[in-house]
Amino acid sequence: MKKIKSFTFTIFLILFSVNFFSCTKSANQENTLSFYAMNTFMTIRSFGKNSKEANLKVQERIFQIEDELSVTKESSDLWKLNHSNGEPTIVSSETSLLLHFAVDLAKKTQGAFNPCLYPITSAWGFTNENYRVPPQTEIQNLLRYVDYNKIEFSKNSNQENQISLQKNMMIDFGAIGKGFACDESIKILKENGIESAVLDLGGNVQVLGSKKNSKNQNVAWRIGIKNPDQSSQLSAVAGLNLKDKAVVTSGGYERFFVGSDGKKYIHIFDSKTGKPVENEILSVTIISDSSLWADSLSTTLFVLGKDKAIDFWKNFSSQTLQSDFETSYPQIQDFDFVILTDDNSIFYTQGIKDKIFFLADFENKTLVTH
Ligand code: ADP
Ligand code: MG
């Protein structure tokens with residue numbers, strides 16, 4: 001008992017001194033808020049005298065986005081849409097805009113990115129963790145419901161946004177929801193006067209401004225790229241020094257199952273086959289101004305495979321990606337990537353040439369240029 005008391009007291013002293021320290025340097029005051037939302041663990045760390053209130057506002061906004069975009073909450077726009085039985089459904093302008101973005105990207109990538117795969121991912125058990133390999137006939141049948149061209153956008157007589165899916169179609173924002181939430185969070189932090197922050201929304205990382213080092217100088221944030229070999233002692237294989245950027249990784253190493261055939265099945269799907277993607281990629285990390293873009297492109301480039309992903313980058317980032325899309329979508333000029341492949345190689349693009357550092361011994365390191 002005595003031991004516990006003195007232990008508690010020590011913790012109290014440490015907390016007290018940390019608190020005292022941060023109060024004395026209010027401009028630099030740090031606040032960290034962690035919570036569970038959108039099926040993942042999230043952490044917001046921001047600096048500045050308004051940081052505590054700002055973090056709480058971000059949390060509130062993320063819960064609101066979850067309520068709107070969740071596929072399991074019965075009051076959400078997506079739930080209503082997925083249970084609409086082919087009838088037009090009224091949704092918020094935000095849901096409509098996001099789905100528009102997803103459909104535009106699907107068209108641009110010939111379905112590599114596809115927001116309509118929910119019937120397929122459900123059949124494989126990724127929505128409730130009852131994993132199974134569905135018979136080919138079942139997959140073939142479900143592939144009839146993944147055509148994003150069949151989504152209709154309209155307004156009703158009250159000028160509300162309506163979406164119509166065909167019967168049996170179902171949408172999910174698993175590949176973009178956290179990215180959207182990240183962009184919205186950064187907006188809120190900025191509106192609340194925060195100039196320095198780092199967010200980690202379940203692997204969607206975004207940094208605002210720079211960070212102060214021990215000498216009170218402004219330096220870039222250091223962000224690690226996870227080792228796809230989760231059994232290794234080395235948790236990150238490379239790192240990036242970045243200011244004001246979103247960094248999103250899609251990997252096949254966190255959500256997967258091993259079938260009775262001994263094969264590994266991951267949670268990213270090929271909408272042509274209705275099966276989990278199988279290619280040489282272990283992970284794709286996208287670095288861009290917007291987390292919505294980074295999130296959607298990390299999934300897209302994973303599906304495309306290494307060679308097509310490189311072509312995609314060459315074709316798109318030489319012009320501006322944004323110019324082909326609605327102006328109301330988040331802004332993005334160019335983007336960069338880091339791709340890890342199963343032959344222990346790393347491919348990275350020229351925009352991050354001076355920002356990347358390597359922590360693992362790679363067989364090949366390839367700088368991708370135009
Ligand atoms: P994570 O959510 O693990 O960070 P991703 O951003 O790559 O990973 O998104 C994967 C999720 O997106 C899947 O769980 C599924 O809900 C959905 N999804 C799977 N394949 C695709 C695809 N080809 N296009 C769009 N969304 C997909
Ligand atoms: Mg994604």
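Indexing begins at 1, ligand by ligand and atom by atom, following the structure's order.
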| query | Please state which protein non-hydrogen atom is closest to atom 16 (O) of ligand 1 and give its distance, to 0.1 Å? | reply | D172 OD2, 2.8 Å
| said: Quick check on K190: does its NZ atom have over 12 non-hydrogen neighbours (other residues, nucleotides or ligands) under 6.0 Å away? | reply: no
| said: Testing the 3.5 Å rule here: is there a donor-acceptor pair between the side chains of S34 and T43? | reply: yes
| In terms of side-chain heavy atoms, does S46 have a donor or acceptor partner in N55 at a distance below 3.5 Å? | yes
| query | Do S76 and E68 have side-chain atoms, one donor and one acceptor, less than 3.5 Å apart? | reply | no
| said: For ligand 1, which is the ligand I care about here, please tell me if T249 has any N or O atom under 3.5 Å from one of the ligand's N or O atoms. | reply: no
| request: Determine, considering heavy atoms only, which of A102, A175, C116 sits nearest to atom 26 (N) of ligand 1. | output: A175
| query | Is the W221 ring parallel, tilted or perpendicular to the F47 ring (thresholds 30°, 60°)? | reply | tilted
| Whether over 12 other heavy atoms sit under 6.0 Å from Q230 CD | yes
| For residues Y329 and D104, is any side-chain donor paired with an opposing acceptor at under 3.5 Å? | yes
| field | Nearest-neighbour protein heavy atom for atom 5 (P) of ligand 1, which is reported as residue plus atom name and distance | value | T299 OG1, 3.4 Å
| query | Does an N or O anywhere in N114 fall below 3.5 Å from an N or O of ligand 1? | reply | yes
| said: Looking at ligand 1, is there an atom of it that comes within less than 4.0 Å of some heavy atom belonging to E254? | reply: no
| said: Show me which atoms of ligand 1 lie under 4.0 Å from any heavy atom of G174. | reply: 2 (O), 6 (O), 9 (O), 11 (C), 12 (O), 16 (O)
| message | Quick one about T95 and S92 (side-chain donor to acceptor, distance below 3.5 Å, no hydrogens or angles considered), yes or no? | response | yes
| task | Answer yes or no for F113: is there a heavy-atom contact with ligand 1 below 4.0 Å? | result | yes
| Check: N204 N/O within less than 3.5 Å of ligand 1 N/O | no
| request: Consider every N or O of T121 and every N or O of ligand 1, then say whether any pair is closer than 3.5 Å. | output: no
| message | Side chains of E60 and Q64 only: does a donor on one sit below 3.5 Å from an acceptor on the other? | response | no
| Nearest protein heavy atom to atom 4 (O) of ligand 1, by residue and atom, and its distance? | K178 NZ, 3.2 Å
| request: Would you check whether F269 has a nitrogen or oxygen atom less than 3.5 angstrom from a nitrogen or oxygen atom of ligand 1? | output: yes
| task | Run the numbers for me: atoms of ligand 1, each under 4.0 Å from some heavy atom of S250, listed by number. | result | 5 (P), 6 (O), 7 (O)
| task | Count the heavy atoms belonging to other residues, nucleotides or ligands that lie under 6.0 Å from NZ of K212, then report whether that count exceeds 12. | result | yes
| query | How far is atom 18 (N) of ligand 1 from its nearest protein heavy atom, and which residue and atom name does that atom have? | reply | H267 O, 4.4 Å
| said: Using a 6.0 Å cut-off, check whether atom CD of Q136 has over 12 heavy atoms from anything other than its own residue. | reply: yes
| request: Run the numbers for me: atoms of ligand 1, each under 4.0 Å from some heavy atom of R255, listed by number. | output: 14 (O)
| Ligand-residue contact atoms, ligand 1 with L117, heavy atoms, under 4.0 Å | 20 (N), 21 (C), 22 (C), 23 (N)
| said: Which label fits F126 and H267: parallel for a plane angle under 30°, tilted from 30 to 60°, or perpendicular past 60°? | reply: tilted
| Which ligand 1 atoms are under 4.0 Å away from a heavy-atom of V303? | 23 (N)
| note | For D295, the atoms of ligand 1 under 4.0 Å from one of its heavy atoms are 6 (O)
| said: Within 2.8 Å of the Mg ion (ligand 2), is there any N, O or S atom belonging to N204? | reply: no
| field | Distance filter under 4.0 Å to A112 heavy atoms, resulting ligand 1 atoms | value | 22 (C), 23 (N), 24 (N)
